[in-house]
Amino acid sequence: MIAILLDTTPYRIMSLLHILAAVVAFGPLFLYPGLRKAGETTTIASMHMRMAFPALILMWVLGMGLAGMSEDAYSVSQLWLSLSIVNWVVLVAVSWFLIRPAITDSSESAVARLAAGTGLTHLGLIVGLVLMIWKPGL
């Protein structure tokens with residue numbers, strides 16, 4: 001039944017955009033350590049604030065759009081969707097409070113904060129993928 005409800009062209013387009021936003025939000029973070037070592041902090045800062053962070057916000061907007069378009073197949077009260085929202089809030093906080101300030105700072109603590117923020121973001125990506133694929137509690 002759920003597959004039939006979610007098999008519409010607008011839903012598939014929204015789903016594709018949601019996945020593309022996730023790729024744009026998380027993909028650049030795999031480049032940050034190498035760019036940091038090469039001294040490209042300006043490139044990282046630009047990429048993070050102009051591409052990765054806005055894509056992270058857009059990912060949530062599109063995800064909520066998908067939940068709204070699901071014709072009651074999915075609701076925010078379901079465990080997997082609630083945990084996904086919590087995971088997203090944590091990722092936004094990590095991005096804003098750990099990664100963003102550490103990008104242009106060259107101190108040793110900034111390098112550690114960037115590494116921690118990047119690692120937490122990668123962990124959040126894995127958690128999000130597990131929640132999106134297996135949908136626990138559905």
Shortest non-hydrogen contact from [X] toward [Y]:
{"X": "Ala21", "Y": "Ala55", "answer": "O-CB, 3.5 Å"}
{"X": "Val130", "Y": "Pro136", "answer": "O-CD, 4.5 Å"}
{"X": "Ala110", "Y": "Ala102", "answer": "O-CB, 3.3 Å"}
{"X": "Ser84", "Y": "Met132", "answer": "OG-CE, 2.9 Å"}
{"X": "Gln78", "Y": "Leu138", "answer": "NE2-CD1, 3.3 Å"}

- Message: side-chain contact (heavy atoms from CB on, under 4.5 Å), that's the test. Do Leu79 and Lys135 meet it? Break it down for me.
- Response: CA-CA 8 Å; Leu79 178 65; Lys135 296 176 177 52; over 6 Å; no
Give the cluster check for [X] versus [Y]: same hydrophobic cluster or not, with ILVMFWY residues linked at side-chain heavy-atom distances below 4.5 Å.
{"X": "Leu120", "Y": "Ile57", "value": "no"}
{"X": "Leu17", "Y": "Ile19", "value": "no"}
{"X": "Leu123", "Y": "Leu98", "value": "no"}
{"X": "Leu58", "Y": "Val90", "value": "no"}
{"X": "Leu129", "Y": "Ile85", "value": "yes"}

If we only count heavy atoms from C-beta on, is the [X] to [Y] side-chain gap below 4.5 Å?
{"X": "Met69", "Y": "Pro10", "result": "yes"}
{"X": "Pro54", "Y": "Met49", "result": "no"}
{"X": "Arg100", "Y": "Ser95", "result": "no"}
{"X": "Tyr32", "Y": "Thr41", "result": "no"}

Nearest-0.5 Å distance, [atom1] of residue [X] to [atom2] of residue [Y]:
{"X": "Glu40", "Y": "Leu31", "atom1": "CD", "atom2": "CG", "result": "11.5 Å"}
{"X": "Met47", "Y": "Ile103", "atom1": "CE", "atom2": "CD1", "result": "9.5 Å"}
{"X": "Ile13", "Y": "Thr8", "atom1": "CD1", "atom2": "OG1", "result": "8.5 Å"}
{"X": "Met59", "Y": "Leu20", "atom1": "CE", "atom2": "CG", "result": "12.5 Å"}

Partner set under ring pair (Phe, Tyr, Trp, His ring centres under 6.0 Å) for [X], not counting sequence neighbours:
{"X": "Phe97", "value": "none"}
{"X": "Phe53", "value": "Trp96"}
{"X": "His18", "value": "none"}

- Just jot down the side-chain contact (heavy atoms from CB on, under 4.5 Å) partners of Ser77, sequence neighbours excluded, or say none.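 Checked Ser77 against side-chain contact (heavy atoms from CB on, under 4.5 Å); matches are Ser75.
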- side-chain contact (heavy atoms from CB on, under 4.5 Å) with Thr121: which residues, sequence neighbours excluded?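 Counting only residues at least two positions away or on another chain, Thr121 forms a side-chain contact (heavy atoms from CB on, under 4.5 Å) with Phe26, Leu29, Leu91, Val94, Ile99.
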- Going through the checks in order, is the side-chain contact (heavy atoms from CB on, under 4.5 Å) test met by Tyr11 and Leu16? CA-CA 9 Å; Tyr11 189 87; Leu16 174 66; over 6 Å; no
- If only atom types and distance count, is the side chain of Ser15 paired as donor or acceptor with the main-chain N or O of Arg12 below 3.5 Å?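 It does not hold such a pair.
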- Query: Residues in salt bridge (charged side-chain N to carboxylate O under 4.0 Å, His left out) with Arg113, at least two apart?
  - Reply: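 With neighbours one apart ignored, the set is Asp105.
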- Should the heavy atoms of other residues, nucleotides or ligands under 6.0 Å from CH2 of Trp80 be counted, would the total exceed 12?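 More than 12 within 6.0 Å, yes.
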- Query: Please walk me through it: do Trp88 and Val92 pass side-chain contact (heavy atoms from CB on, under 4.5 Å)?
  - Reply: CA-CA 6 Å; Trp88 177 82; Val92 168; 3.5 Å; yes
